[in-house]
Each structure stands twice: as C-alpha cells, then as structure tokens.
Q: 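Structure below; questions to follow.
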Amino acid sequence: LHRHDAKTLIVVLTGFASIATAVEAIKLGACHYLAKPSNTDDIEAAFGRAVGRAVRSWKQDLRVAIVASGGFSHFVIDEELDRRLIDAMARRDEKALIAEPESRYPSGPSEIPHWIAAMGTTEGTGLEFQLLDYNPCYRSAAGTGNAMAFALWGRTRQRESGGVIG
C-alpha cells in the first residue's frame with residue numbers, strides 16, 4: 001500500500017501476533033499493530049489515532065469535523081458508567097476507557113467506541129473536550145432508554161467574564 005500511496009495509514013489486526021511480525025509490520029509502515037483478541041475499544045482508539053494522524057499530515061489549513069453519534073448507555077441507562085466515561089474523555093484517559101470491561105455495557109457498547117475513536121483523532125492537537133450536554137432519556141421506570149451526550153473537542157479561549165467558549 002505504501003508503494004501506491006505513502007500517506008496510506010495501515011492498522012494491523014492479527015490473530016498470529018509475535019514480536020517479529022510486529023517489528024516487520026512497523027518497518028513496512030504500519031502505524032498500529034493489534035493482536036486478536038482485541039477489545040472493541042482498543043481497535044477504535046487505534047483507528048481514531050490513525051485518522052487523526054492522516055488529517056494532521058494534510059498540507060492545507062482545513063477545518064475537519066469528526067462525528068460520534070450521541071448514544072452512551074442504552075436500553076438500560078447506567079448514568080454512573082456514562083459519567084465515568086465522559087470524565088475519562090475529558091481527562092484524555094484512554095487507558096481508563098479501554099480498561100472499562102465490555103461486560104459493563106448493559107446491551108453492548110452502544111456508540112461508546114465511536115466516541116473513543118473520535119477522541120483518538122484529536123491526539124496531539126491540543127483540542128480540549130467540552131461536554132455540551134448529557135441527557136439520560138428514560139422511557140420507563142425500569143430504567144430503559146438511551147443516554148445522549150453532546151460534546152466537541154475544540155480550542156478554548158477565556159471570555160472576559162471567565163467562562164470558556166469554543
């Protein structure tokens with residue numbers, strides 16, 4: 001792939017991992033090397049970092065939007081889980097996000113891995129996470145529903161009043 005286009009970013013996900021193949025993959029131009037089984041969050045984080053690296057390599061001064069859908073916990077809302085993950089994103093604590101066991105997701109990971117990928121794209125940019133709103137949308141007394149988060153990563157500047165704006 002690099003012979004065709006040197007800007008192509010390669011993420012290797014293999015079921016036959018070894019030090020030798022990892023070293024060879026990196027020498028041949030892979031930007032990430034993941035061994036199966038990898039959890040979804042590891043893959044999403046590597047993907048996000050690769051996309052971010054590609055965007056930062058562009059010569060033009062462009063604005064780029066990377067979008068993650070709004071859902072956090074769903075079917076059964078877990079506000080504690082959502083807040084913990086949102087706080088980890090605000091701290092850029094990828095290890096905390098990846099360490100969260102997928103068994104904690106009541107009905108699968110919902111769109112949480114998309115958020116992790118979006119965070120990965122901003123690595124090394126100095127962009128700060130800004131939570132705009134978090135709204136657990138309950139449908140029933142049993143706790144079913146969908147927790148929605150709205151956030152962005154951007155440069156912040158202080159208003160004269162001391163508030164932060166994007």
Side-chain angles (χ1 to χ4, degrees), residues 9-15 17 31-58 62-159 161-166:
L9 296 172
I10 301 167
V11 176
V12 174
L13 176 62
T14 180
C31 61
H32 295 287
Y33 182 91
L34 301 169
K36 290 181 185 176
S38 284
N39 74 30
T40 304
D41 295 344
D42 284 329
I43 296 166
E44 292 287 341
F47 173 75
R49 287 191 303 273
V51 169
R53 186 178 296 158
V55 169
R56 287 188 298 280
S57 75
W58 296 345
L62 304 172
R63 286 186 78 143
V64 177
I66 307 289
V67 178
S69 61
F72 265 75
S73 60
H74 70 286
F75 297 129
V76 177
I77 294 174
D78 185 341
E79 290 186 51
E80 180 184 319
L81 169 69
D82 295 341
R83 290 289 179 187
R84 193 167 52 250
L85 295 173
I86 290 167
D87 290 346
M89 277 189 264
R91 294 188 316 272
R92 292 192 151 287
D93 190 348
E94 184 179 299
K95 288 181 181 177
L97 293 166
I98 291 172
E100 191 70 48
E102 290 187 15
S103 62
R104 287 284 295 144
Y105 305 137
S107 302
S110 66
E111 288 83 27
I112 293 167
H114 303 167
W115 284 84
I116 295 169
M119 184 183 85
T121 65
T122 67
E123 184 176 279
T125 63
L127 300 176
E128 295 180 26
F129 178 84
Q130 300 167 49
L131 180 65
L132 304 175
D133 195 14
Y134 170 77
N135 191 350
C137 305
Y138 288 97
R139 292 186 192 121
S140 74
T144 61
N146 188 17
M148 302 300 289
F150 302 90
L152 59 85
W153 282 267
R155 289 180 174 69
T156 59
R157 60 183 187 271
Q158 296 292 323
R159 286 187 189 176
S161 64
V164 176
I165 59 173

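The residues of the chain are indexed from 1 along the displayed sequence.
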Q: If we ignore hydrogens and angles and just use 3.5 Å, is the side chain of Arg84 paired with the main-chain N or O of Ala96 as donor and acceptor?
A: no

Q: In Å, rounded to the nearest 0.5 Å, how long is the span from CG of Leu127 to CE of Met119?
A: 12.5 Å

Q: Which distance, rounded to the nearest 0.5 Å, do you find between the CD of Gln130 and the CG of Leu152?
A: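 Separation between the atoms: 4.5 Å.
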
Q: Judged by atom type as modelled, is there a donor-acceptor pair below 3.5 Å linking the side chain of Asp82 to the main-chain atoms of Ser73?
A: yes

Q: Parallel, tilted or perpendicular: which fits the ring planes of Trp115 and Trp153, with parallel below 30° and perpendicular above 60°?
A: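 Correct class here is tilted.
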
Q: Check whether any side-chain heavy atom of Asp133 sits under 4.5 Å from a side-chain heavy atom of Met148, and report yes or no.
A: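 Side-chain contact under 4.5 Å: no.
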
Q: How far does CG of Leu81 sit from CD1 of Ile86, to the nearest 0.5 angstrom?
A: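 Those atoms lie 9.0 Å apart.
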
Q: With respect to Pro136, which candidate in Ile77, Asp78, Asn146 satisfies the side chain to side chain contact (heavy atoms under 4.5 Å, CB included) definition?
A: Ile77

Q: Can you measure from CZ (Arg83) to OH (Tyr134) and round to the nearest 0.5 angstrom?
A: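 Result: 6.0 Å between the selected atoms.
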
Q: Under the criterion side-chain contact (heavy atoms from CB on, under 4.5 Å), I'd like the reasoning laid out for Met89 against Leu131: C-alpha separation, chi angles, the key distance, then a yes or no.
A: CA-CA 10 Å; Met89 277 189 264; Leu131 180 65; over 6 Å; no

